[in-house]
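Inspection log for the structure reproduced underneath, given as structure tokens.
Quick note on labels: first sequence line is chain A, next is B, and so on, each numbered from 1.
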2 protein chains.
Amino acid sequence: MFSERQQQIVGTAIKIIANNGIQNLTTKNIAKEIGISEPALYRHFNSKLEILKAVISYFQIKMQPASEKLKKNSNALNKIENFMLEHLKIINQNPDFAKVIFSEANFQNEEDLILKMNNMMNQSHKILEAVVQSGQNNNEIRNDISSLSIIRIIIGSMRLLVTQWSMSGMIFNLENEGKQLNDDIKKLINEK
Amino acid sequence: MFSERQQQIVGTAIKIIANNGIQNLTTKNIAKEIGISEPALYRHFNSKLEILKAVISYFQIKMQPASEKLKKNSNALNKIENFMLEHLKIINQNPDFAKVIFSEANFQNEEDLILKMNNMMNQSHKILEAVVQSGQNNNEIRNDISSLSIIRIIIGSMRLLVTQWSMSGMIFNLENEGKQLNDDIKKLINEK
DNA sequence: ATTATCTTTGTTAGTATTCACTAACTTGGT
DNA sequence: ACCAAGTTAGTGAATACTAACAAAGATAAT
């Protein structure tokens with residue numbers, strides 16, 4: 001789908017966003033970092049917006065394995081645990097992602113980008129909702145709490161954890177803290 | 001502290017960020033929206049950065065009442081409930097805030113702004129932590145869950161709720177959904 | 001096999017536009 | 001007469017993007 005040069009451009013864009021903020025994501029900076037001229041970029045992407053779209057696609061592809069964990073055959077709480085830990089594992093392995101994720105607000109006025117980003121998020125939320133509800137039907141997850149609240153708790157706390165990790169300069173172990181958080185959530189929502 | 005004109009400038013900046021994204025927050029747009037010339041802005045602020053700092057200060061002042069709820073004399077669960085609901089009430093009354101709040105990533109490369117924003121958040125987290133821990137000591141809040149996880153759940157789910165509300169175009173009632181979320185969190189963390 | 005052409009990917013040198021900000025002047029209230 | 005708060009006109013720097021050309025390898029014709 002993406003040529004090697006295109007992948008290099010996308011990777012460089014992510015690196016720049018992570019290190020210097022999206023304000024410094026300029027065609028000039030991308031070209032300089034790669035070591036080619038600015039117009040050469042336009043041989044591979046029609047516009048800067050196309051590059052940003054590719055960044056989201058790349059992100060989406062990389063995060064896919066986390067959503068897959070929600071589909072594997074297992075009980076609900078295990079699926080959720082695997083989802084969370086896989087999610088954090090991927091981010092831990094690609095720390096640049098953490099800062100790009102939260103730039104969703106920066107994409108605010110680019111309709112296409114918002115849609116692309118929203119679709120990505122809603123997708124995993126939908127699957128997660130089904131998992132939570134089936135868990136509630138099996139008396140595996142507490143039934144006196146709305147599935148919506150449970151989802152908000154899971155996704156919200158996970159995102160906050162990543163934010164804190166990223167903003168702290170990654171001084172703590174993301175996967176360990178994630179495991180702790182997941183254990184606590186499991187304790188809270190499981191139907192004894 | 002801030003003159004009327006300064007308040008108008010800050011308010012206009014917030015409006016622009018909310019409606020058009022921070023990329024469109026330009027001195028030109030602020031001036032045009034107010035109906036004065038661009039250089040007139042510089043009679044009231046030394047630079048655009050100063051305007052952004054004022055935006056954060058304004059935000060901080062407006063959000064203060066929410067943190068105050070954590071200090072009022074009451075039991076832990078009530079304090080948390082009042083904190084959450086007050087927070088959402090303020091945001092509901094100032095919908096423009098929602099989009100500015102979680103744009104901390106936008107301030108990424110402005111050291112001063114990051115610090116200002118981080119201080120603001122850590123402040124309420126610290127107070128919340130004390131409330132949760134005292135609740136745990138009083139056997140009011142479950143003790144088998146780390147206070148850190150509880151805080152992440154409360155703040156994380158609340159932030160996600162606001163994000164969803166803002167991204168959905170505010171189609172649902174933020175305060176009602178907040179009440180529901182808080183009820184569910186209370187059920188989860190209270191020590192029966 | 002050699003030559004000719006095409007395509008891909010790069011280059012240098014520019015474009016118009018926009019940005020935050022400034023210089024110099026004006027006006028109206030105290 | 002002074003001063004706060006406005007104006008018009010303009011600055012250099014940066015931005016996304018383009019025009020025109022160059023080189024080199026693949027493809028095709030002779």
Side-chain angles (χ1 to χ4, degrees), chain A residues 1-57 100 103 105-114 116, chain B residues 1-57 100 103 105-114 116:
Chain A
M1 204 69 183
F2 287 132
S3 70
E4 275 188 32
R5 190 59 112 189
Q6 282 177 320
Q7 288 180 45
Q8 188 186 17
I9 292 169
V10 169
T12 304
I14 291 172
K15 205 161 94 182
I16 291 172
I17 294 174
N19 293 335
N20 309 101
I22 198 159
Q23 307 95 316
N24 286 311
L25 183 71
T26 63
T27 49
K28 192 181 188 172
N29 284 345
I30 298 173
K32 192 164 78 179
E33 176 75 23
I34 294 179
I36 58 175
S37 71
E38 217 180 327
L41 293 177
Y42 289 85
R43 298 286 174 205
H44 305 279
F45 289 100
N46 290 327
S47 68
K48 187 183 162 183
L49 185 61
E50 294 294 320
I51 297 176
L52 278 172
K53 284 186 194 172
V55 165
I56 297 180
S57 294
V100 179
S103 308
N106 299 69
F107 300 151
Q108 238 170 33
N109 62 342
E110 300 282 5
E111 275 305 326
D112 292 358
L113 294 183
I114 305 173
K116 219 168 157 40
Chain B
M1 202 71 182
F2 287 131
S3 70
E4 275 188 33
R5 191 57 114 190
Q6 282 177 320
Q7 287 180 46
Q8 189 185 17
I9 292 170
V10 168
T12 305
I14 291 172
K15 206 162 92 181
I16 291 172
I17 294 174
N19 294 334
N20 309 103
I22 199 160
Q23 307 94 317
N24 286 310
L25 183 71
T26 63
T27 49
K28 191 181 189 173
N29 285 344
I30 298 174
K32 191 166 76 179
E33 177 74 23
I34 295 178
I36 57 175
S37 70
E38 214 180 329
L41 293 177
Y42 290 85
R43 298 283 175 209
H44 307 279
F45 289 100
N46 290 328
S47 68
K48 188 183 162 184
L49 185 61
E50 293 295 322
I51 296 177
L52 278 173
K53 284 186 194 171
V55 164
I56 297 180
S57 292
V100 181
S103 322
N106 298 54
F107 302 146
Q108 236 171 33
N109 61 344
E110 300 282 4
E111 275 305 326
D112 290 358
L113 294 183
I114 305 174
K116 221 169 156 38

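Summarising the geometry of B:Val55 relative to B:Val10, their closest heavy-atom pair is CA-CG1, 3.9 Å, with the distance given to 0.1 Å.
Within the model, atoms CZ of A:Phe2 and OG of A:Ser57 stand 5.0 Å from one another, a figure rounded to the nearest 0.5 Å. Taking CD1 of B:Ile16 as the reference point, atom OG1 of B:Thr26 lies at 6.5 Å (rounded to 0.5 Å). Taking CD1 from B:Ile14 and CG from B:Asn19, the interatomic distance works out to 11.5 Å, rounded to the nearest 0.5 Å. Rounding to the nearest 0.5 angstrom, the gap separating the OG atom in A:Ser3 from the CD1 atom in A:Ile9 is 7.0 Å.
For the pair A:Asn24 CG and C:dC19 P, the interatomic distance rounds to 17 Å; values are reported in whole Å.
The outermost nucleotides of DNA chain D lying under 4.0 Å from heavy atoms of chain A, listed 5' to 3', are D:dT15 to D:dC21.
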Do any side-chain atoms of residues 33-44 of chain B form donor-acceptor pairs under 3.5 angstrom with protein atoms, and if so which ones, sequence neighbours left out?
from: B:Glu33; atom 1: OE2; to: B:Lys15; atom 2: NZ; distance (Å): 3.1
from: B:Glu38; atom 1: OE2; to: B:Thr27; atom 2: OG1; distance (Å): 2.6

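Near DNA chain D, meaning a heavy atom under 4.0 Å away, there are no residues from residues 3-16 of chain A. Of the residues in residues 27-37 of chain B, those lying under 4.0 Å from DNA chain D by heavy-atom distance are B:Ile36, B:Ser37.
Taking B:Lys53 as the reference, B:Glu50, B:Asp112 meet the salt bridge (charged side-chain N to carboxylate O under 4.0 Å, His left out) condition, with sequence neighbours excluded.
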Measure all distances between protein nitrogen or oxygen atoms and nitrogen or oxygen atoms of nucleotides 22-28 of chain C, and list the pairs falling under 3.5 Å.
from: C:dA24; atom 1: N6; to: B:Arg43; atom 2: NH2; distance (Å): 3.4

### Task
Could you check A:Ile51 against A:Leu25 for side-chain contact (heavy atoms from CB on, under 4.5 Å), going step by step and ending with a plain yes or no?
CA-CA 10 Å; A:Ile51 297 176; A:Leu25 183 71; 5.7 Å; no
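For the OP1/OP2 pair of C:dT8 and a distance below 4.0 Å, the side-chain nitrogens and oxygens of A:His44 include no atom meeting the criterion.
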